[in-house]
There are 2 protein chains.
Amino acid sequence: MVRAGLTAERVTAVAAELADEVGFDRVTMSQVARRLGVKDASLYAHVRNLNDLRGRIALLAADEKTIRIAEATAGRSGKDALVAYANAWRAYAHEHPGRYAATQTPIEIAPELAADAPGPRRAVGLTYGVLRGYGLAEPDLTDAVRLLRSTFHGFVALEAAGGFAHARTPQETWIRALDALHSLLENWPSAREGAPS
Amino acid sequence: MVRAGLTAERVTAVAAELADEVGFDRVTMSQVARRLGVKDASLYAHVRNLNDLRGRIALLAADEKTIRIAEATAGRSGKDALVAYANAWRAYAHEHPGRYAATQTPIEIAPELAADAPGPRRAVGLTYGVLRGYGLAEPDLTDAVRLLRSTFHGFVALEAAGGFAHARTPQETWIRALDALHSLLENWPSAREGAPS
DNA sequence: GCTTTAAACTAGGGGCATTAGGTTGTCAAT
DNA sequence: ATTGACAACCTAATGCCCCTAGTTTAAAGC
C-alpha cells in the first residue's frame, strides 16, 4: 500500500479539474477517488462530505477568478479597466467552466473554510476600484457594481447554456455590450431622469 | 391496483412542483414516483429517463415564462414594456426557482419534444417587440436583446445564489438597473462613440 | 364475455454517499 | 534499532437512486 499523500488541497484540486472536464454537478466522490488511486472512503479523512468538497471547489474558484481579475486590471483605469475586468471574468469562465459553475451554486460553506478565503472580500474591492473613474457615489455605486456583475455573469451563463443563436458571434456582442456599459456608466442616470418614453 | 392515470404531462407537472420545492438538481425519479403513488419503474412508460424528464421541465418552464412575459407586456411600449418584461421575468424566477433553474441548465432535449414547444421561438419575438420603440437596427438590435437577457438572467441568478449583500435591497437595485438599461437603450452607442476615457 | 393494449408491478444489477471499524505506513522519542 | 502513536488508507455494509427485463392486470373496443 503506497501512501498517496492526500490533503484536502490535493483532493480539491483534482475535484476542480474533474469539474472542468465533466461539469460541476457531475463531480462525485467515487470519480475523485478513482483519479487519486484511492478508495472512496479514504476521501472522508480529508473532506467532510460531498457538499464540503463542493464548497471547497467554489472557494478555490472564487480565489482564482479574483486573482485573474486583479492581475488583469492592475494599473488600468477607466474603460481600459472595465474591459480588462470583464474579459478576465469571461476568460476564467471559459477556461474553467466547472469551477465557474461552482461559484454560482448556492452551497452552504463551512464558516471555518470561508474565514481564510480572501477571494470574495477582495473581489468586491476590485469591482469598486474599476468604477472609481466614473465618479459615482453611493448608492449608485452599489447599484452599478451589481449591474456589472449581473451582466457579466448572465452573459457567460447564457453563452455556456447555448443561449445565443449562431447568427452573430457572442464575441461581437460582447464587445458592443462593453461599449454600452461604459457609455452607461459615463452617463449614469443618477436621480429622476427616466422620463417614460 | 388502482390505475394512477399517468401521462408524460402529469409526471412533468409533478416533477416541476418538486423542482420548485427542493431544487431542480434534486429532482429524482424515486421522489416523483413516490408523489404519484407509483413505483419508480412505472415512470419509464411515460418518460424516457431522468434526463428526458429534466428536458420536459425545462420546456414547460420556458413556455410558462414566455406566456407570463407576453401577458405582462401586451399593450405596452417603451419603458413601460421594458419594465413589464423585466418584472415578469424576475417574478417567474422567484415564484418557480426550480423550473427557472431548469431553463438554465444545458440539457440535450429530444428534438421531437422541442418541435412542438412554442416557448423559445415566441420568446425571441417578444424581446424584439419590447425593443421596437427604441429605434435600433441590426446588428445593434441583436446585441441589445442579448444584453437585456444577460442582465435579467444574471441578476436573478446572483440574487438566488445570495450574491447581493444585505446593505441595499435587491429590489432597490433592480429599479435603478431598469432605469439604467432604459437610458442605455435610448442612447445606444451605435457606432464609434466609445472614446477611451 | 373476449381480446388487445398498455399501465403498472416485481425483481435485480450497478453506481454513489456515507459510516464504522480494522490495518498499516510513517515519524518522533526513546 | 525499537516502540508507540497518529494518521492514512482499507474493507464491509447500509441505503438511496437509475434503469432494464419480464410479468400481471385494468380498461377499452369488439
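Residue numbering restarts at 1 for every chain, and letters A, B, ... go by the order of the sequence lines. Since this is a predicted model, take the numbers as computed values, not measurements.
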Atom [atom1] of [X] and atom [atom2] of [N]: how far apart are they, to the nearest Å?
{"X": "A/Leu43", "N": "C/dT19", "atom1": "CG", "atom2": "P", "result": "13 Å"}
{"X": "A/Lys39", "N": "C/dG21", "atom1": "NZ", "atom2": "C1'", "result": "17 Å"}
{"X": "A/Asp40", "N": "C/dA20", "atom1": "CG", "atom2": "P", "result": "17 Å"}
{"X": "B/Asn49", "N": "D/dC17", "atom1": "CG", "atom2": "C1'", "result": "14 Å"}
{"X": "B/Tyr44", "N": "D/dA21", "atom1": "OH", "atom2": "P", "result": "13 Å"}

Partner set under salt bridge (Lys or Arg N to Asp or Glu O under 4.0 Å) for A/Arg54, not counting sequence neighbours: none
All salt bridge (Lys or Arg N to Asp or Glu O under 4.0 Å) counterparts of A/Arg34, not counting sequence neighbours: none
A/Arg35 atom CZ: more than 12 heavy-atom contacts under 6.0 Å: yes
Donor-acceptor contact below 3.5 Å, side chain B/Glu138 vs main chain B/Thr142: yes
Main-chain N/O of B/Ala72 paired with B/Arg76 side-chain donor or acceptor, under 3.5 Å: yes
Those residues of residues 13-23 of chain B lying under 4.0 Å from DNA chain C by at least one heavy atom: none
Given [options], identify the nucleotide with an atom nearest to the side chain of [X].
{"X": "B/Leu6", "options": "D/dC19, D/dC10, C/dA8", "answer": "C/dA8"}
{"X": "A/His46", "options": "D/dC19, C/dC9, D/dA8", "answer": "D/dA8"}
{"X": "A/Leu50", "options": "C/dC9, C/dT18, D/dT20", "answer": "C/dT18"}

Interatomic distance, A/Thr28 atom OG1 to A/Asp40 atom CG [nearest 0.5 angstrom]: 7.5 Å
Atom pair CG (B/Leu136) and CG (B/Asp143), whose distance is rounded to the nearest 0.5 Å: 9.5 Å
side-chain N/O A/Ser42 vs D/dA8 OP1/OP2, d < 4.0 Å: no
Shared hydrophobic cluster, A/Tyr85 / A/Ile67 (ILVMFWY, side-chain heavy atoms < 4.5 Å): no
Centroid separation A/Tyr134 to A/Trp188 less than 6.0 Å: no
Aromatic centroids of B/His153 and B/Tyr100 separated by under 6.0 Å: yes
A/Phe164 six-ring centre to B/Arg146 NZ/CZ under 6.0 Å and within 45° of normal: yes
Pi-cation contact, B/Phe152 with B/Arg90 (under 6.0 Å, within 45°): no
Polar side chain donor-acceptor pair, B/Thr169 to B/Glu172, under 3.5 angstrom: yes
Nucleotide N/O to protein N/O under 3.5 Å, stretch nucleotides 12-14 of chain D:
none

Near-strand residues of residues 26-36 of chain B, defined as heavy-atom separation under 4.0 angstrom from DNA chain D: B/Thr28, B/Met29, B/Ser30, B/Gln31, B/Arg34
Degree of bending, the helix from C/dG1-D/dC30 to C/dT30-D/dA1 (end axes from five pairs; round to 10°): 0°
Worked check of side chain to side chain donor-acceptor pair (under 3.5 Å) between B/Ser150 and A/Thr151: CA-CA 5 Å; B/Ser150 295; A/Thr151 305; over 6 Å; no
